[in-house]
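Inspection log for the structure reproduced underneath, given as structure tokens.
A quick note: this is a predicted structure, and the numbers were derived from the prediction, not measured.
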Amino acid sequence: MRQFPASPITVLIDDHPRHNLGESCGRDLAVNEVLDRPEMKELAELPIGYGTSQGDIRLRELIAVRHGVAADQVLVTSGAAAALFILGLSFCDGEIVIGLPCYPPTMDTVLGLGAAVQVVRSTFDHGYRIDLDEVRRQLSPRTSLVLFASPQNPSGLRIADSDVLAVLEHMGQICPTAYLVIDETFREATFAEDPPPSLAGISPHLVTCASLSKAYGVPGLRIGWLTTSDPALYKQLRLAKFNAAIACGSVDEFLAMRVLANADGILAQRAQELVRARETVEAWVDANAGRVRWLRPDAGAFCAVELSSERFDSAAMTRFHTRLRELGTSVAQGPWFGDAEQIIRIGLTYEPIDRLREGLQTITAAMDYAERLKVRSARGPGHPGEAS
């Protein structure tokens, strides 16, 4: 049988730490924040039958408007994870090029499906910018799919449109039948400014995917989508979805329509929360200058922070994460995303602002502990200067 890689990121949904700074979304919305009283009654009377293989046309129209495409170019899926899964399933016979770091299930899915994978690495030091020369080196006539996220995970930094167009140009020269997938899950989770336009529809060889989970705070709905302007590809992806899941849940699609009908208000409120949280983390980074640095995110309810490799070697990072767990705080670890071990992803708005501050203080305490033990180890046991 196929073996999917072990995924330590499952702790983000399976564990319940005192301070959850590992999540990539803001606080969860409640149903009564989505529906008014008449809509509650409508939900109570909703037939719980099969939906359609494409997704409710009303829902697809709402998604299409926000992406500047036609409704028949939108395929509703059970979250962006399912969208990525059916893409991996559809293209796993060829070579798949993936930008690292990335959302862990993106890599784990294609590996579990047995695909041949090539990677293009981006780094903190270079602002996670795509290395276009490396993209060209990793492409081949066997390439069937290329996957990047914008905004990128774990940094929340966007890929420049010019870089996306350059990737498409390289693909046109080397693997002209391949498709480029841009995961736009965090595009609308912005900091009090309008999100940039979706890349949907700019090329028949470009596919986008996204979901309501992160920007809107409704991950329990399991509603995502793909967009493609290639009718033949759309047909195959719809069939892949049908064979894997038949349709999305009718209750999920009903609630998703109500969320998108109020999209601007929901996003505006969450943007204000993101601004406050980003300012809070920025102040904490400044207070810990020399030990940590960060990349100020463009979007997404998280940011990438790097602990100094000179002060936190591999052993110190192990002590840091162990102590952090003991203090009841979770962060997402860089290696989960294929990133360096000194990288941590800090969630901004899953916790209220006061609990975010408390969580940041426990990160400081865990760094203090890791450095203190490093000094003790360097001095050796029984050194007269050893602290108790």
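Taking the side chain as every heavy atom from C-beta outward, L237 and L87 approach each other to under 4.5 Å. Taking the side chain as every heavy atom from C-beta outward, W336 and V11 approach each other to under 4.5 Å. Annotation: side chain of L29 is in contact with side chain of R270 (closest heavy-atom distance under 4.5 Å). Considering only heavy atoms from C-beta on, T106 stays 4.5 Å or farther from V110 through its side chain. By the 4.5 Å heavy-atom criterion applied to side chains, P47 and S250 are not counted as neighbours. Inter-residue side-chain proximity for F85 and L113 is flagged as met; some heavy-atom pair is nearer than 4.5 Å. At least one side-chain heavy atom of V251 sits less than 4.5 Å from a side-chain heavy atom of L43. Annotation: side chain of E42 is in contact with side chain of R258 (closest heavy-atom distance under 4.5 Å).
Salt bridge present: R311 and E371 bring a charged side-chain N and a carboxylate O closer than 4.0 Å. Between R158 and D163, no side-chain nitrogen of the basic residue sits less than 4.0 Å from a carboxylate oxygen of the acidic one, so the salt-bridge criterion is not met. Between E184 and R66 there is no salt bridge, since no side-chain N of the basic residue sits under 4.0 Å from a carboxylate O of the acidic one. Under a 4.0 Å N-O distance rule, the pair R278/E282 does not qualify as a salt bridge.
Using a 4.5 Å cut-off between side-chain heavy atoms of Ile, Leu, Val, Met, Phe, Trp and Tyr, with links allowed through other members, L360 and V292 fall into the same hydrophobic cluster. Hydrophobic clustering of Ile, Leu, Val, Met, Phe, Trp and Tyr side chains at less than 4.5 Å, counting indirect connections, keeps I9 apart from V331. There is a path of hydrophobic side-chain contacts, each under 4.5 Å, that joins I353 to V275. Cluster annotation: V31 and I48 are assigned to the same hydrophobic cluster (Ile/Leu/Val/Met/Phe/Trp/Tyr, side-chain heavy-atom contacts under 4.5 Å, transitive). Under the 4.5 Å side-chain heavy-atom criterion for grouping Ile, Leu, Val, Met, Phe, Trp and Tyr, V76 is connected to L212 within one hydrophobic cluster.
Summarising the local packing, CZ of R137 is surrounded by more than 12 heavy atoms from other residues, nucleotides or ligands at distances under 6.0 Å. Other residues, nucleotides and ligands contribute only 12 or fewer heavy atoms inside 6.0 Å of the CZ atom of R58. Atom CZ of R27 has more than 12 neighbouring heavy atoms from other residues, nucleotides or ligands inside a 6.0 Å radius. Other residues, nucleotides and ligands contribute over 12 non-hydrogen atoms within 6.0 Å of the CZ atom of F4.
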Go through I363 and F320 one step at a time and tell me if the side chain to side chain contact (heavy atoms under 4.5 Å, CB included) criterion holds.
CA-CA 8 Å; I363 295 175; F320 166 77; 3.9 Å; yes
As a quick check of understanding, evaluate side chain to side chain contact (heavy atoms under 4.5 Å, CB included) for D339 and L100, giving each step before the final call.
CA-CA 7 Å; D339 211 339; L100 284 183; over 6 Å; no
Evaluate side chain to side chain contact (heavy atoms under 4.5 Å, CB included) for S144 paired with I96, printing each intermediate quantity in order.
CA-CA 6 Å; S144 58; I96 297 179; 4.1 Å; yes
Start with the C-alpha distance between R323 and E326, add both sets of side-chain angles, then the distance that settles salt bridge (charged side-chain N to carboxylate O under 4.0 Å, His left out), and finish with yes or no.
CA-CA 5 Å; R323 184 57 176 160; E326 293 171 350; 3.1 Å; yes
Derivation of the side-chain hydrogen bond (donor to acceptor under 3.5 Å, both in side chains) call for D183 and T185
CA-CA 6 Å; D183 181 347; T185 296; 2.5 Å; yes
Applying side chain to side chain contact (heavy atoms under 4.5 Å, CB included) to W284 and V305, what does each step give before you reach the verdict?
CA-CA 11 Å; W284 174 81; V305 172; 4.3 Å; yes
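Here the OG-CD distance, from S309 to Q342, works out to 5.5 Å after rounding to the nearest 0.5 Å. Rounding to the nearest 0.5 angstrom, the gap separating the SG atom in C303 from the CG atom in L295 is 9.0 Å. Put simply, CZ on R355 and NE2 on H19 are 4.5 Å apart, with the number rounded to the nearest 0.5 Å. For the atom pair CD1 of I223 and CE of M257, the computed distance is 9.0 Å after rounding to the nearest 0.5 Å. One distance of note links SG of C175 with NE2 of H205; it measures 10.0 Å at 0.5 Å rounding. Rounded to the nearest 0.5 angstrom, Y128 OH and Q152 CD are separated by 6.0 Å.
For N288 (side chain) and R291 (main-chain N/O), no donor-acceptor pair under 3.5 Å exists by modelled atom type. Remark: the backbone N or O of H16 is not paired with any side-chain donor or acceptor of N20 at under 3.5 angstrom. Listed for the R60 side chain is a donor-acceptor partner under 3.5 Å among the backbone atoms of G55. In this structure a side-chain-to-backbone donor-acceptor pair under 3.5 Å is present from T77 to G79. Side-chain N or O atoms of E253 include one that pairs as donor or acceptor with a backbone N or O of D56 at under 3.5 Å. Panel note: side chain R129, backbone S122; no donor-acceptor pair is recorded below 3.5 Å. With K241 contributing its side chain and S53 its backbone, the two residues share a donor-acceptor pair below 3.5 Å.
A pairwise comparison of heavy atoms in I86 and S90 identifies O-OG, 2.7 Å as the closest pair. Considering every non-hydrogen atom in both R222 and D252, the closest pair reads CB-OD2, 4.0 Å. For the residue pair A256 and L59, the shortest heavy atom distance occurs at CB-CD1, 4.0 Å. Among all heavy-atom pairs drawn from G26 and T349, the shortest one is CA-OG1, 3.2 Å. Listed here is the closest heavy atom pair of E306 and I343: CB-CD1, 3.6 Å. Here the closest heavy-atom approach between residue R187 and residue S198 is recorded as NH1-N, 3.5 Å.
The ring-ring contact (aromatic ring centres under 6.0 Å, His included) contacts involving residues 214-246 comprise H67-W225, where partners must be two or more places apart or lie in separate chains.
Other members of the cluster containing V146 are V97, V120, I130, L132, V135, L139, F148, I159, V164, L165, V167, L168, M171, I174, L180, I182, L199, I202, L206, with ILVMFWY side chains joined at under 4.5 Å, either directly or via other members. Applying the under-4.5 Å side-chain rule to Ile, Leu, Val, Met, Phe, Trp and Tyr, the cluster around L327 consists of that residue alone.
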